[in-house]
Every structure is written in C-alpha cells, then in structure tokens.
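Every chain is numbered from 1, with letters handed out A, B, ... down the list of sequences.
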Amino acid sequence: MDDTRHAPDLKVMIARHKLADRAFAVLGVLATLVGLVTLAALIVDLAVDGLPRLSWHFFTSFPSRFAEKAGILSAWVGTALVMLVTLFAAVPLGVAAAVYLEEYAPKNWVTDLIEINVTNLAGVPSIVYGLLALGLFVYALNLGESILTAGLTLALLALPVVIVATREAVRAVPGSIREAAYALGATKWQTVSQNVLPYSLAGIMTGVIISMARAIGETAPLITIGALTFIAFLPPAPLSTQPPFLSFEWLTSPFTVMPIQMFNWVSRPQAEFHLNAAGAGLVLLAMTLLMNALAIYIRYRYRKRIKW
Amino acid sequence: MSSNAADFAHRPLRHIKERLIEFLLFLAALSAVATTAAIVAILLYESIGFFRHVPLLDFLTDTQWTPLFSDAHYGILPLLSGTLMVALVALGVAVPLGTITAIYLSEFAPHKVREAVKPVLELLEGVPTVVYGYFALLFVTPLLQKFLPNLPGFSILSAGLVIGVMIIPYVSSVAEDAMRAVPMHIREGAYAMGSTRFQTALRVVTPAAISGIVAAYILGISRAVGETMVVAVAAGLQPNLTWNPMEPAATITAYIVQVSLGDLPHGSIGYQTIFAAGLTLLLITLLFNIAGHLLRKRFREAY
C-alpha cells in the first residue's frame, strides 16, 4: 500500500529534479552569455561610432580644437615609445626575479617576504602606482612628466604579471631536463640559461604579451603623473641619419598615449569629440585584443606541441 | 692533461661568476619588496604632511570633501560612500553571474565549451578600462535612461553595472578554480546517491569550495574598489554623500584623477590630499586582498 502511494511521488520528484537540472544548465549558458554579449555590444557600439572616423588623416594628424580635424598621431607614437621603455624595463627584471624565485631561492623568510610582495603587488590598484610614480619618479628622482617616467610606471605595473607567468613557465620544465644538464657538468646558470629558459620561452612570451596588452590600456597611473592631454608635436626621433644615429632625447620628452587621448575626448561635452573617442577606442581595442589573441594562440600551440 | 689543468684553473672564476649571477637575480627579485616599500613610504610621507593640517577625526567624520574650495573640508566619507556604492552595484552583478558562470563551467559545460569560453571571457578582462568608461557613459547610461527616465547623465548605477560585468571573469575564474579543486570522488559519492548535477553542484561542490568562492567575491570587491577610469568617465566627479545609486558621485580613485588633471603645486595641501586618499584606498584593498588570500589558501589545504 505504501509502495503504490510513493511510486508516483518518486517519479514526480525525479522529474522535478531533472527539470531543475536542465533549467540550471540553461541559466548557466545565459549567465555566461551576459559577459560575451556585453563584449559584443561594446565592440559593435565602438565600431558604429568610430569606424567612420578611421582614415589615413586620423592616424597622421595631431589633436585639434576642431573634432573633425583631430587625429591620434601623437597618441599612438607616444604609446609605442612608452611601451618600448616598459618592455625593456619589465621583461629583464621580471624574468630575472622569477628565475631567482623558482631556481635559486632558498626556503627562508627573505624568500617568503618576496613572494608575499609579488602576490600583494598584483592586487594594488593601478592608480596607487600612479601616486608612487608621481612621488618617486616625477619629484624625488626629478624625471619629470616624461616618456621615461611613464614607461617605468607601467613597467612596475607589468612586473607582477611577468613574474607570475615566468614562474609558471619555468616550473613546467621537468626536473629531468635540469638533471641531464647537471650530469654533463653544467653549472646552475648554464642549466638555467641554456636549458630551462629556452624551454619556457613560449610561456614567458605569453605572459609578456598579456602584461603589455594590459599596460597599453592603462590610463589612471599616467593621468596621475600629470601626462598632458594636448600634445601637438612628436618626441625627437630615436634614430637619425647623422652620427651617432641613436638618440635618447625622446625619453625626456612630454607625451600623450592612446587611452589618455581617448579619455580626453570622451570627457568633452561635444558629441563630435565622442566620435573621435570611439575611433581612438577602436584602435586601442584592436591593439589589446590582437595581443591577447596572439598570447592565447601561442599558449595553445605550445600546449599542443610540447609533450615531455 | 694540460686542458684539465686549465679547467681547474678556471674553477674559482666560474664560481665567482655563478655567485655574481645569483646575486643579480636576487636583486631583481628584491625589486618587488622595494616597490612595496616605496609605495608605503611615499603614501605615508605625503599623508603625514596632510594630517599635520587636518586632524584625523575630521578626516574620518566630516561629511564634506571640498579640499579645492576656499571653504575647505576634508571628510573622506563622501568619497568612501561613492566607492562603496559603486562596489556594491558591481557586486550585485558580478556575484550572481560570476557564481553561476563558475558552476556552469566547472560542473555542467562540456570540455569543448569550457575551452572555448574561457579565453573569450579572458578577453573581457583585457579590454582597456577607459573603453569600458566610454561604453558606460555613451551606451549603458542612455539605455538605462529609457527605463529610468530620472537617471542623470552621470550615475553610480551605470558605472557600477559596467564594472560588475568587467569583473565577472575574475570572480568566475577564482570560484571555478576552487570548485575544480574539489576532488572527483566527492562528486561521485553524490552521483552514486542519485543526485542530479545541479544537486551535486549546489549541495556538495559549492559547500566544499565555499571559502574559495567567498575569496573570489572578496578579491572582486578589491578590484571594484580600485577601478578608476569607468567611474572617472561615467559616475561624475562630484563628491556626494549618498546611498542612492541613481545619483552621480565621486570615488576615491575618481578624486585622484580629477586632482591630477588640474595643476596643483608640489607640496601644497591639495597635492597631499591625493596621497591621503590613496593611502585610504590602499588600506581598503589591502584588507580585502589579505582576507581573500587567506580564504583561498584554506580551500587549497582542505584536501
């Protein structure tokens, strides 16, 4: 008697649970889609407003009081030069720090202190780095509001990302490779520089590209160091036809970068300038998304090809 | 024999070189400590100058923040309320969506879907924040105004919503890591008892991973609190002691941007205010980050 009463209940219960299961699967897809749809909406919105502005003229003109005459020449040149400084400062320092932590560091309190600091720095808001740069680079070291200051500021921001990515890549190299090198009489540095680093190159490159993509889009710390927004000239060229061919004068030059130019245009009330902002945003977005896609591709290829 | 002798002669040199390299690498690693020390030193140094002029009590209890006016008030509360409101709205978006996305990707999605979706979600993190600011001001706000006609052009709501979507991938990836760290045999136990995937996810996996999931929320708050450009563009730059998300307000970060856009002389009280504000911001994010990392460590040690 009990059985006849429970059997349909049980069926109903199972059906209900299965329905809940399927309903949640649908909800899960929808929740995941929110992010993806937003990304799509953002790209379409920028493209609709900004695409008509993209022309040869836009890339080769300086900013102007007249929206339709304004361009992003000083902004993209500034971005390229600042990123050059960032790359040369952050990559050697970050890779060296990561190699030390993975291959050399003894287990003691100094190592713990370094590890805690790397983790913590990754969570510090970017604008705080801007305040650091304002106090340290601009005033204490007297580097001014220059390309050098900006590049070093972004290098500090990129450093934790480079360190974490390099550590992961170095850790993924199996111990047998190192032992083989030691067995042939290699010193520690020979092992690291000739075996471990070449094998972890793909992973390091992925991390470097992602960190640079993030640095390109950083606005707040550069505003904090007082980056000017109206720059209608280019920094001195790094290469020249006269000896000594190479000049570093550009390091001390004032500058503007893509995200600051975009911020400047978007904070103006006139709608024509908003179109310029969309154009600059589109270029900026294309740069960062391409870099991210490249990093994802390298990681994918590397995973597929290397089987230890 | 002679080549062997030469090798032995090289040994001390080789040893010194190895030692030198190790020392240089150590110096590079120490740069992380130096950066933290420099951040703390500079924020403290300028803040001490600030607190010589402004008593700490005024800073914490005054309800007005008008350092650049002739009638100067230095109460951090309006900036704090703006910061917290933006973070709350952002969490209102990121917590439910991030959690559901994490559960879906960890427990429901086929391997192929997960491999395809995760990199695209990562792209969401790669979009420059100033672009999100543009999107919030010129797309989300006009869209919201169709449903909420009273919404002003700058508002906490639209900035918070966009930051919320922005931090979904961050919240979901930390939460998903925590869920995937739950061992398979625990799930299999639930399945063997006849649970559906949903029941397993909700009653077995989520409770087992709860400290990691909470860590994801806390690290998400820290992100939202430190976010600058979206608020600077879309929430207005007017300090406003309000708990209403439909109003414009300034956050701590937005205030720093606003001051930096002007031309304040080095060493003036106005210049020092941004360091006092920055110190407050650093302390808040530090608190959340430490709590988040402690919780994350707990779920890693659990099994």
Side-chain angles (χ1 to χ4, degrees), chain A residues 17-18 20-21 24-25 27-29 31-32 34-36 38-39 41-42 45 93 96-97 99-101 104 113-114 117-121 123-128 131-132 135-136 139 156 187-189 213 217 219-220 223-224 226 259 262-263 266-267 274 277-278 281 284-285 288-289 292 296, chain B residues 14 18 21-22 24-26 28-33 35-36 38-39 42-43 46 97 100-101 103-104 108 117 119-121 123-124 126-131 133-135 137-139 165 168-169 196-199 222 226 228-229 233 253 256-257 260-261 266 274-275 278 281-282 285 289 293:
Chain A
H17 287 317
K18 280 195 169 163
D21 193 64
F24 188 84
L27 190 67
V29 173
T32 312
V34 170
L36 305 185
T38 307
L39 186 63
L42 186 147
D45 180 44
L93 204 58
V99 164
Y100 177 80
L101 288 174
Y104 286 86
L113 183 71
I114 296 172
N117 274 293
V118 172
T119 320
N120 184 44
L121 282 177
V124 171
S126 62
I127 196 154
V128 172
L131 292 174
L132 165 69
L136 184 68
Y139 290 114
L156 288 182
T187 63
K188 188 150 200 169
W189 175 241
T219 323
I223 292 180
T224 314
M262 182 180 178
F263 174 66
V266 79
S267 29
H274 291 167
L284 191 61
L285 195 66
T288 55
L289 291 189
N292 275 297
I296 290 169
Chain B
R14 193 165 145 168
E18 285 287 315
I21 286 169
E22 181 173 350
L24 289 177
L25 294 177
F26 173 70
L30 218 53
S31 67
V33 183
T35 309
T36 312
I39 288 176
I42 283 183
L43 290 185
E46 298 288 355
L97 290 178
I100 295 173
T101 304
I103 294 179
Y104 174 72
F108 283 77
V117 166
V120 183
L121 278 180
L123 285 187
L124 213 53
V127 175
T129 53
V130 65
V131 173
Y134 175 94
F135 183 67
L137 180 70
L138 297 171
F139 183 86
V165 174
I168 287 177
T196 61
R197 289 176 301 179
F198 180 52
Q199 285 172 312
S222 169
T228 309
M229 295 320 293
V233 172
T253 52
I256 298 174
V257 164
S260 308
L261 286 174
H266 175 52
I274 61 175
F275 289 90
L281 178 70
L282 185 69
T285 51
N289 284 340
H293 285 298

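- Annotation: side chain of A:Trp189 is in contact with side chain of B:Leu25 (closest heavy-atom distance under 4.5 Å).
- In this structure, CG on B:Leu24 lies 12.0 Å from OH on A:Tyr100, to the nearest 0.5 angstrom.
- Interface remark: of the candidates A:Thr187, A:Val266, A:Leu113, A:Thr288, A:Thr187 forms the most heavy-atom pairs closer than 4.5 Å to chain B.
- The parts of B:Thr253 that come within reach of chain A are both its backbone and its side chain, each placing non-hydrogen atoms under 4.5 angstrom from that chain.
- Between B:Leu281 and A:Pro125 the shortest side-chain heavy-atom distance falls below 4.5 Å.
- Across A:Val118, A:Leu285, A:Leu42, the residue that shares the most heavy-atom pairs under 4.5 angstrom with chain B is A:Leu42.
- The most heavy-atom pairs under 4.5 Å with chain A, out of B:Val117, B:Leu282, B:Leu138, come from B:Leu138.
- With a threshold of 4.5 angstrom between heavy atoms, A:Leu121 approaches chain B through side-chain atoms but not through N, CA, C or O.
- To the nearest 0.5 Å, atoms OH (A:Tyr139) and CD1 (B:Ile42) are separated by 12.0 Å.
- Put simply, CZ on B:Phe135 and CG on A:Asp45 are 6.5 Å apart, with the number rounded to the nearest 0.5 Å.
- What you find for B:Leu124 and A:Gly35 is that their closest heavy atoms are CD1-O, 3.5 Å.
- Interface remark: of the candidates A:Pro259, A:Gly28, A:Ala20, A:Ala213, A:Gly28 forms the most heavy-atom pairs closer than 4.5 Å to chain B.
- With chain A as the partner, the residue from B:Thr129, B:Val120, B:Ile39, B:Ile168 showing the most heavy-atom pairs under 4.5 Å is B:Ile39.
- For the atom pair OH of A:Tyr104 and CD1 of B:Ile21, the computed distance is 6.0 Å after rounding to the nearest 0.5 Å.
- Considering every non-hydrogen atom in both B:Ile274 and A:Leu131, the closest pair reads O-CD1, 3.6 Å.
- Within the 4.5 angstrom heavy-atom criterion, atoms from both the backbone and the side chain of B:Thr36 approach chain A.
- When all heavy atoms of B:Tyr104 and A:Phe24 are compared, the closest pair comes out as N-CE2, 4.5 Å.
- The candidate from B:Thr228, B:Leu121, B:Thr196 with the greatest count of non-hydrogen atom pairs under 4.5 Å with chain A is B:Thr196.
- Using modelled atom types, one side-chain atom of B:Asn289 and one backbone atom of A:Gly123 make a donor-acceptor pair closer than 3.5 Å.
- B:Ala28 approaches A:Ala96 most closely through the heavy-atom pair CB-CB, 3.5 Å.
- Looking at B:Val257, both its backbone and its side chain come within 4.5 Å of chain A, counting heavy atoms on both sides.
- In terms of heavy-atom proximity, B:Pro119 sits nearest to A:Ile296 at CB-CD1, 3.6 Å.
- Closest heavy-atom contact between B:Arg197 and A:Ala25: NH2-CB, 4.4 Å.
- With chain B as the partner, the residue from A:Leu27, A:Asp21, A:Leu132 showing the most heavy-atom pairs under 4.5 Å is A:Asp21.
- The parts of B:Phe26 that come within reach of chain A are both its backbone and its side chain, each placing non-hydrogen atoms under 4.5 angstrom from that chain.
- Chain B forms the most heavy-atom pairs under 4.5 Å with one residue out of A:Val124, A:Thr32, A:Leu156, A:Leu284, and that residue is A:Thr32.
- Of the atoms belonging to B:Glu18, it is side-chain heavy atoms, and not backbone ones, that fall under 4.5 Å from chain A.
- Here the CG atom belonging to A:Asn120 is positioned 8.0 Å from the OG1 atom belonging to B:Thr285, to the nearest 0.5 angstrom.
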